[in-house]
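One-based numbering, in listed order, for ligands and for the atoms of each. Quick caveat: nothing in here was measured; it's all calculated off a predicted structure. Atom set for the values below is all heavy atoms of this structure, side chains included, hydrogens, waters and symmetry mates excluded. Position 1 is the first residue of the sequence; numbering continues from there.
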Amino acid sequence: MNMKEPERLFLITLLFCWVDETAAVTVHSDPAGDGGVVQIELEATVSFTCLAPSGGGELQWFRNKALVDLKEGNREERSHLCVWPVTREDNGAIFRCQLKNDASVNSSVQLEVLYAPQLNGTEQVSVKEESEAELSCDSRANPPVTVVWRFEGRMLDLSSGGYIATNNGVTARLTIPKVIRANHQGLYTCVLDSDIYGQRMKSFQLSVDDKTMKFPLEAIIAGLVVVLCTAALAVVSRWKRIVKCCK
Ligand SMILES: *[C@@H]1O[C@H](CO)[C@@H](O)[C@H](O)[C@H]1NC(C)=O
Ligand SMILES: *[C@@H]1O[C@H](CO)[C@@H](O)[C@H](O)[C@H]1NC(C)=O
């Protein structure tokens with residue numbers, strides 16, 4: 001096709017007008033997003049504004065697949081949505097605005113919620129000698145954290161001493177398959193290291209109990225012996241009386 005310059009420009013203008021007529025809804029956010037993703041701190045507030053294309057139309061909001069209930073007066077041409085406070089469950093959530101009568105005219109943003117690990121304090125844990133011990137820390141955080149374990153203030157050497165450490169991004173676990181008091185009793189700490197939030201930790205005071213309760217067992221045996229002897233004596237003394245009476 002061979003076109004003269006004015007014709008070409010006219011066609012381009014026409015094309016832009018047509019694109020504008022059917023243009024998608026636009027979504028702005030506060031704080032502003034980057035590449036369709038809005039980064040926000042836990043418990044902060046984020047607000048979205050959706051604008052209908054020229055010509056207006058009724059707007060709808062969805063949070064992931066769920067339709068958001070909008071008040072009247074917040075649906076025509078311009079619609080505001082506010083998320084407060086932002087929770088951990090909002091991480092990854094997609095907020096989409098669309099024309100009610102044409103879902104293909106839509107625009108969306110995704111939330112990325114930044115949060116520190118939520119843990120602290122010291123827990124008392126007691127286990128029986130030679131049984132399994134399991135210590136666990138909530139390791140959820142965004143961005144994800146690295147986890148190390150300490151024992152009595154020193155970095156735990158996982159290659160020796162029968163420990164298994166795992167972390168799936170939700171729970172960090174330290175398992176001691178067979179607890180030996182001499183080796184394993186003491187203070188354990190899980191240390192979570194975050195690029196933005198620094199270190200967070202939680203401790204466990206692990207105490208190891210005897211495998212079998214020797215003392216109560218002996219006491220029970222001693223008690224049984226006393227009962228049996230008393231019964232035997234009673235029979236013997238009664239027997240003597242019975243024999244006497246028969247004479
Ligand atoms: C949003 O718009 C795009 C582009 O028109 C379309 O492919 C997509 O299916 C729409 N989303 C929904 C949920 O309708
Ligand atoms: C410790 O963590 C718990 C659970 O996240 C929280 O409720 C509590 O306020 C925290 N305590 C301190 C002293 O940070």
Side-chain angles (χ1 to χ4, degrees), residues 1-119 138-146 166-172 192 194-197:
M1 199 160 38
N2 212 338
M3 265 189 285
K4 289 196 190 105
E5 192 59 16
E7 281 169 0
R8 206 174 63 90
L9 279 176
F10 175 72
L11 207 65
I12 288 171
T13 314
L14 202 66
L15 195 68
F16 269 106
C17 288
W18 179 76
V19 165
D20 193 46
E21 273 301 301
T22 58
V25 294
T26 50
V27 171
H28 302 280
S29 70
D30 181 18
D34 184 16
V37 177
V38 177
Q39 277 199 344
I40 186 94
E41 292 277 337
L42 190 69
E43 283 168 16
T45 303
V46 61
S47 64
F48 302 113
T49 304
C50 180
L51 297 173
S54 52
E58 189 170 340
L59 296 166
Q60 285 181 323
W61 276 104
F62 286 83
R63 182 194 182 276
N64 294 329
K65 295 261 153 61
L67 180 67
V68 178
D69 195 20
L70 296 174
K71 286 210 177 74
E72 239 188 85
N74 190 24
R75 297 181 204 147
E76 301 292 333
E77 297 193 17
R78 173 187 289 260
S79 178
H80 299 285
L81 193 66
C82 197
V83 183
W84 174 85
V86 167
T87 66
R88 288 195 275 194
E89 285 65 42
D90 289 319
N91 188 32
I94 293 170
F95 291 85
R96 190 180 78 249
C97 181
Q98 68 182 40
L99 277 183
K100 190 181 178 182
N101 56 18
D102 188 356
S104 71
V105 182
N106 67 65
S107 179
S108 57
V109 282
Q110 186 167 25
L111 275 194
E112 187 187 353
V113 183
L114 302 173
Y115 59 96
Q118 311 277 301
L119 81 179
D138 185 344
S139 61
R140 285 176 298 166
N142 188 34
V145 291
T146 57
T166 61
N167 176 28
N168 58 10
V170 177
T171 307
L192 275 57
S194 165
D195 287 344
I196 356 185
Y197 300 105

- Message: I'd like to check the side chain to side chain donor-acceptor pair (under 3.5 Å) partners of D102; sequence neighbours left out, ordered by chain and number.
- Response: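 D102: side chain to side chain donor-acceptor pair (under 3.5 Å) contacts with S104.
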- Message: Applying salt bridge (charged side-chain N to carboxylate O under 4.0 Å, His left out), can you list everything that pairs with R75, at least two apart in sequence or on another chain?
- Response: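 None.
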- Qualifying residues under ring-ring contact (aromatic ring centres under 6.0 Å, His included), relative to F48, sequence neighbours excluded: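 F48 satisfies ring-ring contact (aromatic ring centres under 6.0 Å, His included) with W61, F95 only.
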- Query: Any idea which residues sit under 4.0 Å from ligand 1, heavy-atom distances?
  - Reply: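 Residue list for ligand 1: R96, A103, S104, N106.
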- Message: Walk me through whether L42 and L114 qualify under side-chain contact (heavy atoms from CB on, under 4.5 Å).
- Response: CA-CA 6 Å; L42 190 69; L114 302 173; over 6 Å; no
- Message: Any heavy-atom pair between the side chains of D90 and R63 that's under 4.5 Å?
- Response: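 Touching, per the 4.5 Å side-chain cut-off.
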- Message: If I take atom CG from residue L70 and atom CG from residue L81, how far apart are they, to the nearest 0.5 angstrom?
- Response: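 Nearest 0.5 Å value for the CG-CG distance: 7.0 Å.
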